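Here is the structure we will look at.
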Amino acid sequence: MPELPEVETVRRGLDPVMTGQRIEVAEVRRPDLRWPFPKSMAARLMGAQVTALRRRSKYILADLGTGETLIIHLGMSGRMLIDPGDGARAPGSFHHAAETPGKHDHVILDMSGGTRITFNDARRFGAMDLHPTATLDDHWLLSKLGPEPLGNVFSAPYLMGRFKDRHTPVKSALLDQRIVAGLGNIYVSEALWRAKIHPRRLAGKISAQRIATLVPAIRDVLTEAITAGGSSLRDYRQADGELGYFQHSFAVYDRADQPCRHPGCTGTILRIVQSGRSTFHCNMCQR
DNA sequence: CTGCACGCCTGCCCGC
DNA sequence: TGCGGGCAGGCGTGCA
C-alpha cells in the first residue's frame, strides 16, 4: 500500500505522539521481517527521546537523542497503529483483552505521553533499522535513492538527463528509486495519465516539452494525495488508530474497463502488465 | 552497465 | 463451505 503520500500521512500522524517524547518501553515481538532487526534494537530504543520525525522517500526516520536514527519501512502491508491509551495502563502491560497484541504486531512502542504505537505487518516486507544520524545518508537503503519528487532537485532538466539513452519504458524508469524516490505502482500510473504519456513509451524518447509536463504531473498527484491523507488524519480514531489508510479515488489505478476521465476523451482504461506489474492507462489520450 | 524475472510473506477474492 | 489459483501498493538479487 504505502507510497510516498501514504508514508507522509503516517509520518504526520505519528509526529504529535512521538516527537519530543521518550520511548518508555520498546518490545520486539518478532524480529524476522524483510531483514532481521539489529541486535539489541529494543534495548537501544528503550528510554530514547525522539527529537524529530522525518521522511525520506518511503522511509520514516525517527531521530533519537542517543545519536541514532530509527529507520522504518512499511513494505507492502506495514501499518502503524496508534492507541492513545486511557491514562491508566502501565507501559508495557497488556491488561485488557483489547490490547492483546495481534499475530502481526511486530514492534510495540510505549511513549512517555501514554500513546502505544504498534508496527503491524502481515506480509513482513517491512523493515526497521538503526543507524547513526550523522551518517544516515550512507545507510545502504538510503544511499542510492534519487531526489525527492517534491524537492527542488527534481526538475524537468534533471529528469531529462536521467531519461537520456534509457531504453526502458517510462513506467519502469519512474519506478526506479535511483531516478526519483518515492513513487510506486499506483502513482506512476496516475502521473503518466495526467501527463498523457503512454506507459510503454521509452524513457529516452520523451521530448523535453513532455517531460516538462510530466514533472508537475508527478508533483501534483503526490501533493493532492498528501492533502487527502491529511484530511483523513483528523478522524483516524474512527479507523481504530490505523494511520494513512484513507479512501482515495484514483483516475486510472484499478479502473480497468471504466471510462477515461479526461474531459472530451471517449477512451476506456486498460490494464497491461509491465515487468510483472499492473499498469493502468488510457490508450486514447496517452501517447 | 542495463533491463527484467524472481523471491520474499500472508491475506483476500474469485471460480469451481 | 472448502480449496486452489491468482493477485496485491516494495525492494534486492541474480541472470542474460
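Proteins come first, then strands; the chains are lettered A, B, ... in the order of their sequence lines, and each starts at number 1. Because the structure is a prediction, the values reported are computed rather than measured.
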Could you check how far [atom1] of [X] sits from [atom2] of [N], rounded to whole Å?
X	N	atom1	atom2	value
A:E3	C:dC11	CD	C1'	13 Å
A:R200	B:dG3	CZ	P	17 Å
A:R124	C:dA8	CZ	P	21 Å
A:I72	C:dG10	CD1	C1'	16 Å
A:R201	B:dG3	CZ	P	17 Å
A:R162	B:dT2	CZ	P	9 Å
A:M128	C:dG10	CE	C1'	16 Å
A:H73	B:dC9	NE2	C1'	15 Å

Which nucleotide sits closest to the side chain of [X]: [options]?
X	options	answer
A:R166	B:dG3, B:dG11, C:dG9	B:dG3
A:N185	C:dC11, C:dG10, B:dC4	C:dG10
A:R123	C:dG10, B:dC4, B:dC9	B:dC9

Q) Which value, rounded to the nearest 0.5 Å, describes the distance between A:I197 atom CD1 and A:I206 atom CD1? A)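 So the gap between those two atoms works out to 5.0 Å.
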Q.
Under 3.5 Å for both donor-acceptor distances, Watson-Crick or wobble: does C:dG9 have a partner, and if so which one?
A.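 No nucleotide pairs with C:dG9.
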Q: Both distances under 3.5 Å, Watson-Crick or G-U wobble: report the partner of C:dG14, or none.
A: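 Its partner is B:dC4.
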Side-chain N or O of [X] versus OP1/OP2 of [N]: is the shortest distance under 4.0 Å?
X	N	result
A:S278	C:dC7	no
A:T168	B:dC4	yes
A:Y253	C:dG9	yes
A:H104	B:dG11	yes
A:R277	C:dG9	yes
A:R34	B:dC9	no
A:K144	C:dC11	no

Q.
Is it the case that the side chains of A:D138 and A:S143 hold a donor-acceptor pair, with the cut-off being a distance below 3.5 Å and no angle test?
A.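 Looking only at side-chain atoms, A:D138 and A:S143 do not form any donor-acceptor pair under 3.5 Å.
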Describe the nucleic acid contact of [X] in one word from base, sugar-phosphate, nothing, applying a heavy-atom distance below 4.0 Å.
X	result
A:R271	sugar-phosphate
A:K103	sugar-phosphate
A:L175	nothing

Q: Test A:D176 against every option in A:R162, A:K144, A:R166 by the salt bridge (charged side-chain N to carboxylate O under 4.0 Å, His left out) rule and name the one that passes.
A: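 By the salt bridge (charged side-chain N to carboxylate O under 4.0 Å, His left out) criterion, A:D176 pairs with just one of A:R162, A:K144, A:R166: A:R166.
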Q: Can you tell me, in whole Å, how much space there is between the P of B:dC9 and that of C:dG14?
A: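 Rounded to whole Å, the distance is 16 Å.
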Q | Separation of the P atoms in C:dG6 and B:dC6, to the nearest angstrom | A |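 About 13 Å, rounded to a whole number of Å.
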Q. Salt bridge check: are A:R29 and A:D105 linked by an N-O gap of less than 4.0 Å?
A.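 A salt bridge is absent here (no side-chain N lies under 4.0 Å from a carboxylate O).
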Q. With centres under 5.5 Å and planes under 30°, do A:F125 and C:dC11 count as stacked?
A.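 Stacking between A:F125 and C:dC11: absent.
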Q. Starting at the 5' end of DNA chain B and moving along, which residue's nearest nucleotide shows up first, A:G276 or A:R178?
A.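 The answer here is A:R178.
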Q) Between A:E148 (side chain) and A:S57 (backbone), is there a donor-acceptor pair under 3.5 Å? A)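 Side chain of A:E148 to backbone of A:S57, a donor-acceptor pair under 3.5 Å: yes, one is there.
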Q) Does the A:S40 side chain pair with the main chain of A:A43, one donor and one acceptor, at a distance under 3.5 Å? A)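 Between the backbone of A:A43 and the side chain of A:S40 there is no qualifying donor-acceptor contact (under 3.5 Å).
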